[in-house]
Amino acid sequence: MVDSSGIGLRPFMRQVPAHKCRQPGIDRRSRATVIEGQSLGAKRRLSTRWASAITPSLWQAPDVGRRMLGEMLRAALRDSAMTSWLLLLVFFQPFTFQLAYGIQSATIVVRGSFVVAETDDNFVCATLDWWPPEKCNYNQCPWGRASVLNLDLHHPILAKAIQAADAGGRVAVVGGLQVSWVALWNGCEPALQQRVCWSRVQQWGLVLSWQLVLYITAKPFYVLVAFNPLRIRIGGSLQDQVVYEEPNMICHPFQKMSGGLFGFSKGCLSMARWDELNALFQKTGAVITFGLNALRGRHSIHYGAWGGPWNASNARSFMEYTVSKGYRVDSWEFGNELSGHGVGARVDAQLYGKDLIQLKTIVDELYKKSPRPLVLAPGGFYEQQWYSQLLQVSGSGVVNVMTHHIYNLGAGDDPRLINRILDPQHLSQIANTFRDLQLVLRRHGPWSSAWVSESGGAYNSGGRLVSDTFIDSFWYLDQLGLAAKYNTKVYCRQTLIGGNYGLLDTRNFIPNPDYYSALLWHRVMGKGVLGIDISGSPFLRAYAHCAKHRAGVSLLLINLSNSTAFNVSVQNDMNMLLAEGDAILKEGGFIHGLKRAVSWVGRKASEGALQREEYHLTAKDGYHRSQTMLLNGNPLQLTKEGDIPAMDPVLVPLHSPIHLIPLSIAFVVFPNFEARACV
């Protein structure tokens, strides 16, 4: 189903008549096609548009003539004199250029009366794995020093990358508490150094929970949000071979070992290293999920099956140390990929359930005087019968969260990876797993919720020059949207750093494109998931949430097509229902306003607030396996100081359709969208 025709330009042997100049893409003044990019209304120089939009298309064109013209355009943009000559050519030649991709209209109706699902505040999560440098797949060894045991915890980019995953821009310290400035929008104009809008507030208040929120009166206000950062899961394939250091124990790292599980020996986590990790977590405010060794004390029976009771003494000692040091662990996950048929090893659901009762007892005993962590299991691939049996054996209230893993793109060296990433039918197949797990929870474990505790798209370290490039964000963001739609509370990406699928580059810690995709989701997509109705091509994917920590609605739009752009209109079902039920209203009254405003905000917005915020994500130079992502046409790159760049939206008139070019992604925020569920 993957759209395979390329994006290009085609010359035709006539000038555009004056009466045609109102067509999309035609500039009345130049009689030449203007590459609209993403219809953002941002002021760009003509040369920039040609460089970012035309030349990549030509570069991908199959025929030599277009390739030569692309080279000429690139050369012209490097030479001011040649640029002038080129502009004369564009304005006066008898050829004009027309975009080769088609444009389709699509309509999205947002059902804002109620939420259909709800995520955790820290829905976006990433994994720190145990793999040592010797972990190799397909004649490459992409892990380097990215293990829990050897990662450079003092690298300046690492802390900034975790810390930047909060809801807003600047960081400050108030009374010894580290906080971040967050902008709340109310249709105002861009202002201040951050180039964002700040609302005014007419009230004051103080809310204390996981986060501190201060409302300040009279002046444009900031909301101070104490750490609302990235959730980090510590776990992975070698998790069930980790020994936790105890007194008089000699700690050894993982080593290659023939016959060992996954080809490695057991490895040891020293308490000194655990102290260093927690120093990083406390500095950044990371929310920690820790995966425990669930094979300790068991023995291999046959064909990957392991039997015998779990020996909890080493895990208990480690947890006691953690509590004594005041280290906060949000949740303990029991085992990694031991469920069902298992990966490397498997454990019977009856045995697993009994061991979980023991773990729950330990947690209850150790955390009598402190916030009680959640108990998670099994961290494996979903199999209905096994998961159902685990809930039945463990019983009510034992397993707080049922976790599962997803690698639905196939092996990292599969040549069909990109085809699967862009195939809407393939992407939708995983919905069956989400749906089935929810049914199991309703029948056998209504006290429990669902998390994806590991998902990397392609297994065996991910796909080189695929998982770490722009194209990977299509499946990643789509799966975030699907998971949230089916009431998944947390979604952990494999990995934060390590392998080809790391959000950060293993060698230099520089963020890969998926890092920025995750960060944008975290900043604009709130907990409440809204239902939508969508008309149009299956290559247009859409998800709607309440906006993050503010009024309004946020949309995620994904264009999987490489030959079709979409003009998307967004409607509010609340007003559509009102209009249907009140037919006697006159054209000059509500119906007239409905025709103008129903697409966006309902009836609440004033004329001065009729703007939306757009974040358009595209590939640098149109090369979709680029490791550089563009936000509204600007490269997302670290600042000279190594900070995460500002990720500001552009403000767009509210009533215009959203223009989504081929193979692009957009987050769109409607601050004044009337949605009762999001108040």
Side-chain angles (χ1 to χ4, degrees), residues 120-123 125 127-128 148 153 162-163 165-166 173-179 206-213 225-235 239 242 244-247 269-294 296 310-335 355-377 379 394-403 447-449 451 453 489-490 492:
D120 188 82
D121 260 334
N122 298 108
F123 175 68
C125 163
T127 295
L128 285 178
V148 175
L153 303 178
I162 298 171
Q163 206 161 30
D166 63 12
V173 175
V174 177
L177 179 67
Q178 193 164 8
V179 296
L206 181 63
V207 180
L208 285 173
S209 58
W210 288 108
Q211 57 192 17
L212 171 68
V213 182
V225 181
F227 293 120
N228 182 22
L230 187 67
R231 177 186 295 274
I232 294 177
R233 168 189 174 255
I234 298 177
Q239 156 183 331
V242 177
Y244 315 112
E245 183 186 28
E246 296 185 71
L269 172 64
S270 70
M271 293 305 97
R273 181 62 174 179
W274 185 229
D275 294 340
E276 293 173 354
L277 285 161
N278 278 277
L280 173 69
F281 301 153
Q282 290 176 346
K283 176 182 177 181
T284 59
V287 178
I288 302 304
T289 294
F290 191 95
L292 292 167
N293 181 344
R296 182 79 169 173
W310 175 54
N311 185 338
S313 61
N314 187 236
R316 183 184 181 109
S317 175
F318 172 60
M319 295 167 74
E320 286 174 346
Y321 179 86
T322 300
V323 173
S324 71
K325 299 288 285 188
Y327 298 151
R328 180 167 179 79
V329 174
D330 175 81
S331 44
W332 297 98
E333 187 176 28
F334 189 61
D355 294 331
L356 276 166
I357 295 172
Q358 184 181 3
L359 174 60
K360 179 68 172 178
T361 301
I362 294 172
V363 169
D364 290 344
E365 290 175 356
L366 296 182
Y367 288 90
K368 288 181 179 178
K369 298 181 180 180
S370 56
R372 194 162 297 173
L374 301 175
V375 173
L376 283 52
S394 57
S396 177
V398 172
V399 183
N400 303 114
V401 178
M402 293 291 282
T403 54
W447 57 85
S448 187
S449 60
W451 290 14
S453 62
K489 303 302 182 184
V490 171
C492 295

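For the numbers below, each heavy atom of this structure counts, side chains included, while hydrogens, waters and symmetry mates do not.
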K.L.:
Nearest 0.5 Å, what's the CD1-CG distance between Ile288 and Leu277?
P.N.:
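Rounded to the nearest 0.5 Å, the CD1-CG separation comes out at 8.5 Å.
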K.L.:
Report yes if the side chains of Asp275 and Tyr327 come closer than 4.5 Å at any heavy-atom pair, otherwise no.
P.N.:
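They are in contact (side-chain heavy atoms under 4.5 Å apart), so the answer is yes.
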K.L.:
What is the ring orientation for Phe318 with Trp274, classed by angle as parallel under 30°, tilted 30 to 60°, or perpendicular over 60°?
P.N.:
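Ring orientation of Phe318 relative to Trp274: tilted.
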K.L.:
Can you confirm whether the side chains of Asn293 and Tyr244 place a donor and an acceptor under 3.5 Å from each other?
P.N.:
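Looking only at side-chain atoms, Tyr244 and Asn293 do not form any donor-acceptor pair under 3.5 Å.
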K.L.:
Could you walk me through whether Lys325 and Asn278 pass the side chain to side chain contact (heavy atoms under 4.5 Å, CB included) test, one step at a time?
P.N.:
CA-CA 10 Å; Lys325 299 288 285 188; Asn278 278 277; over 6 Å; no
K.L.:
Would you say Ser317's side chain and Ser313's backbone share a donor-acceptor pair under 3.5 angstrom?
P.N.:
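The answer is no, because no donor-acceptor pair under 3.5 Å joins these two groups.
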K.L.:
Mind checking what makes side chain to side chain contact (heavy atoms under 4.5 Å, CB included) contact with Asn400, not counting sequence neighbours?
P.N.:
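With sequence neighbours excluded, Asn400 shows a side chain to side chain contact (heavy atoms under 4.5 Å, CB included) to Lys360, Leu374, Val375, given in chain and number order.
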K.L.:
Going by heavy atoms in the side chains, are Cys492 and Val490 under 4.5 Å from each other?
P.N.:
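Of all side-chain heavy-atom pairs linking Val490 with Cys492, at least one is under 4.5 Å.
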K.L.:
Identify the heavy atoms of Ile232 and Ala286 that sit nearest to each other, and give their distance.
P.N.:
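That closest heavy-atom pairing would be CD1-CB, 3.9 Å.
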K.L.:
Say whether, by atom type as modelled, one donor and one acceptor occur between the side chain of Glu245 and the main chain of Leu269 under 3.5 angstrom.
P.N.:
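Not at all, since once roles are kept as given, no pair shorter than 3.5 Å links the two residues.
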K.L.:
Measuring from Phe290:CZ to Arg233:CZ, what's the distance to the nearest 0.5 Å?
P.N.:
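Phe290 atom CZ to Arg233 atom CZ measures 10.5 Å (nearest 0.5 Å).
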K.L.:
Distance check, rounded to the nearest 0.5 Å: Thr403 atom OG1 versus Lys489 atom NZ?
P.N.:
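Thr403 atom OG1 to Lys489 atom NZ measures 15.5 Å (nearest 0.5 Å).
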K.L.:
Using a 4.5 Å cut-off on heavy atoms from C-beta on, say whether the side chain of Arg316 contacts that of Glu365.
P.N.:
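Heavy-atom side-chain distance check passes, below 4.5 Å.
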K.L.:
If we ignore hydrogens and angles and just use 3.5 Å, is the side chain of Gln163 paired with the main-chain N or O of Pro229 as donor and acceptor?
P.N.:
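No; zero donor-acceptor contacts below 3.5 Å.
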K.L.:
Heavy-atom distance under 4.5 Å between the side chains of Phe334 and Leu376, does that happen here?
P.N.:
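The answer is no, as the side chains (C-beta and beyond) never meet within the 4.5 Å cut-off.
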K.L.:
Between atom CD of Gln282 and atom CZ of Arg328, what is the distance when rounded to the nearest 0.5 Å?
P.N.:
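That separation rounds to 11.5 Å.
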K.L.:
Take Ser453 and Glu333, measure what side chain to side chain contact (heavy atoms under 4.5 Å, CB included) needs, and give me the verdict at the end.
P.N.:
CA-CA 9 Å; Ser453 62; Glu333 187 176 28; 2.9 Å; yes
K.L.:
Give a yes or no on whether the backbone of Val148 and the side-chain of Arg273 come within a donor-acceptor separation of less than 3.5 Å.
P.N.:
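Between the backbone of Val148 and the side chain of Arg273 there is a qualifying donor-acceptor contact (under 3.5 Å).
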K.L.:
Is the shortest heavy-atom distance from the side chain of Val399 to the side chain of Ser394 under 4.5 Å?
P.N.:
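Yes, their side chains come closer than 4.5 Å.
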K.L.:
Is a side-chain donor-acceptor pair under 3.5 Å present for Asn314 with Glu246?
P.N.:
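Indeed, the side chains of Glu246 and Asn314 share at least one donor-acceptor pair under 3.5 Å.
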K.L.:
I need the minimum non-hydrogen distance between Tyr367 and Pro371, along with the two atoms involved.
P.N.:
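Scanning both residues, the minimum pair turns out to be CD2-O, 3.4 Å.
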K.L.:
The test is side chain to side chain contact (heavy atoms under 4.5 Å, CB included); show your working for Arg296 and Trp310 and say whether it passes.
P.N.:
CA-CA 6 Å; Arg296 182 79 169 173; Trp310 175 54; 4.1 Å; yes
K.L.:
Ignoring hydrogens, what is the shortest heavy-atom contact between Ser331 and Trp451? Give both atom names and the distance.
P.N.:
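So the two residues come closest at OG-CH2, 3.8 Å.
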K.L.:
Considering all heavy atoms of both residues, which atom of Gln239 and which atom of Ile234 are nearest to each other, and what is their separation?
P.N.:
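Shortest heavy-atom contact: OE1-O, 4.3 Å.
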K.L.:
Would you check if Trp332 and Val363 make a side-chain contact, meaning some heavy-atom pair closer than 4.5 Å?
P.N.:
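Yes; the side chains approach each other to less than 4.5 Å.
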K.L.:
Please find the pair of heavy atoms, one from Ala294 and one from Gly335, that lie closest to each other, and give the distance.
P.N.:
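Looking at all heavy atoms of both residues, the shortest contact is CB-CA, 3.5 Å.
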K.L.:
Can you tell me how far apart CG (Leu366) and OG1 (Thr322) are? Round to the nearest 0.5 Å.
P.N.:
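It is 9.5 Å, given to the nearest 0.5 Å.
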K.L.:
Give, for atom CE of Met319 and atom CD1 of Ile362, the distance between the pair rounded to the nearest 0.5 Å.
P.N.:
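That separation rounds to 6.0 Å.
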K.L.:
Are the side chains of Asp120 and Arg231 in contact, using a 4.5 Å heavy-atom criterion?
P.N.:
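A side-chain contact exists here, since the closest heavy-atom pair is under 4.5 Å.
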